[in-house]
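For reference, the structure is listed below as structure tokens.
We name chains A, B, ... by the order of the sequence lines, and we start the count at 1 in each one. Side-chain atoms are counted along with the backbone in the values below, which use heavy atoms only and exclude waters and symmetry mates.
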There are 2 protein chains.
Amino acid sequence: MSEQAPKSRKPRADQLRNRARLLEAAREVFRGEGGNLEAVARKAGLGIGTLYRNFPTREALFQAVYAHEVETLEQRAQVDGLEDWMREALQMMATKRGMVAALAPVIDPESSFISDQSLRMRGAVAQLHARAVADGTVRPDVTPDDLMRVLLAINYGPGADPARSSVLLDVFLAGLRSA
Amino acid sequence: MSEQAPKSRKPRADQLRNRARLLEAAREVFRGEGGNLEAVARKAGLGIGTLYRNFPTREALFQAVYAHEVETLEQRAQVDGLEDWMREALQMMATKRGMVAALAPVIDPESSFISDQSLRMRGAVAQLHARAVADGTVRPDVTPDDLMRVLLAINYGPGADPARSSVLLDVFLAGLRSA
DNA sequence: TAAAATACGGAGGTCGCCTCCGTTTTCAAG
DNA sequence: CTTGAAAACGGAGGCGACCTCCGTATTTTA
């Protein structure tokens with residue numbers, strides 16, 4: 001049982017190589033504001049079809065690109081308190097505009113594509129929230145999803161300004177402490 | 001001097017009629033989430049060209065559609081306190097998703113199209129903010145633009161949920177009171 | 001009523017999204 | 001190696017939304 005099933009072939013080399021190239025290209029393209037998939041394919045020197053085969057949905061691509069960040073956040077949630085975690089999360093999102101798209105599915109009930117990572121993030125936030133509620137350090141009428149919403153909104157709402165984000169988060173956190 | 005300049009003709013009747021029709025159609029289309037300009041023209045029974053002639057930019061159309069609401073908000077700002085005003089504004093935006101686009105230019109430094117209304121809104125918020133700061137009922141590190149940002153973000157950020165908006169605003173307002 | 005001024009409308013160019021399928025590459029069996 | 005089937009490639013092409021441009025139609029005024 002060390003091999004899943006010897007029936008299947010070994011994955012093709014070009015596939016793996018191309019997938020890596022696409023991720024690389026996506027990372028670059030997403031840095032500069034844009035969410036243009038054709039640009040990603042072009043920058044990778046590959047056809048658009050190949051991109052879609054590797055990442056059937058926009059979210060799939062975002063998730064893959066930000067897998068590392070999402071995992072980090074998940075882990076920090078085990079250790080940090082709510083406030084620290086939210087500040088870290090804000091920080092992490094600040095430079096990576098595209099990351100929002102990776103996180104949004106977590107609270108989007110429409111999203112048909114709920115990845116593993118989305119679920120784990122969800123769990124992480126819920127845990128953080130539960131602890132804070134137990135401690136009584138947070139208003140009980142706020143839900144875990146609300147916390148994600150606030151993070152996303154502050155970074156990504158219309159007219160969001162990175163320079164002001166941390167102040168706004170501060171205000172929100174202060175409000176959160178009030179019974 | 002009762003007439004500006006007798007040199008110019010009387011505005012054409014069809015123009016006025018069509019402008020009104022477009023506004024009517026836009027109001028309907030914007031109610032249902034969408035910001036589709038061709039749909040507006042179609043619903044008005046007019047060509048897309050006519051729409052663009054009357055409202056050269058998307059913002060121009062939004063501003064015209066929500067002129068009444070924006071004026072109301074401006075007037076309330078004279079009377080209300082900060083908290084009440086923000087709750088009213090939230091309420092007003094809640095049903096009118098498109099309104100966000102009318103308000104966003106207020107804090108968008110890029111926007112080449114700063115209408116009269118944008119400027120007046122700006123003034124209104126600034127006034128509200130100044131009063132609250134003077135009263136000491138608001139943290140001094142928050143700017144008027146921040147207030148607009150929060151309203152827009154709560155309504156319009158990714159994953160925003162109308163059902164949760166007022167709770168989030170409450171939290172924020174609570175935070176605002178803390179020195 | 002006719003010329004001049006003004007407004008209309010939609011064809012068509014652009015761009016991004018996504019699908020579909022003929023062609024090419026890779027794998028592994030012989 | 002050879003070779004044939006499985007897997008992956010790539011981009012043409014359809015779609016929807018945006019916006020511009022200009023020939024045609026309507027209104028105004030004299």
Any donor-acceptor pair under 3.5 Å from [X] side chain to [Y] backbone:
{"X": "D146(A)", "Y": "V142(A)", "result": "no"}
{"X": "N155(A)", "Y": "L151(A)", "result": "yes"}
{"X": "D135(A)", "Y": "T137(A)", "result": "no"}

Taking atom C1' of dC19(D) as reference, at what distance in whole Å does atom CZ of F55(B) sit?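 Distance, rounded to whole Å: 16 Å.
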Under 4.0 Å, heavy atoms only, any strand: does A13(B) hit a base, just the sugar-phosphate, or nothing?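 Here A13(B) touches the backbone only, sparing every base.
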Using a heavy-atom cut-off of 4.0 Å across all strands, would you classify Q15(A) as base, sugar-phosphate, or nothing?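 Here Q15(A) touches the backbone only, sparing every base.
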Could you check whether the side chain of R12(A) and the base of dA7(D) have a donor-acceptor pair of N or O atoms closer than 3.5 Å, going by distance alone?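 For R12(A), whose side chain was compared with the base of dA7(D), there is a donor-acceptor pair (under 3.5 Å).
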Counting distance alone, no hydrogens or angles: does the base of dG10(D) have a donor or acceptor under 3.5 Å from a partner atom on the side chain of R53(A)?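 Under the 3.5 Å cut-off, the side chain and the base do form a donor-acceptor pair.
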Residue closer to the 5' end of DNA chain C, E38(A) versus N18(B) (nearest nucleotide):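 Nearer the 5' end of the strand: N18(B).
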Would the F30(B) and F62(B) ring centres measure less than 6.0 Å apart?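 Yes, they do, as the ring centres are separated by less than 6.0 Å.
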Options dC18(C), dG16(C), dT28(D), nucleotide nearest the side-chain atoms of N36(A):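 That would be dG16(C).
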Looking only at the side chain of I48(B) (C-beta and beyond, no hydrogens), which of the listed nucleotides dG10(C), dC8(C), dA28(C) gets closest?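 The nucleotide sitting nearest to the side chain is dG10(C).
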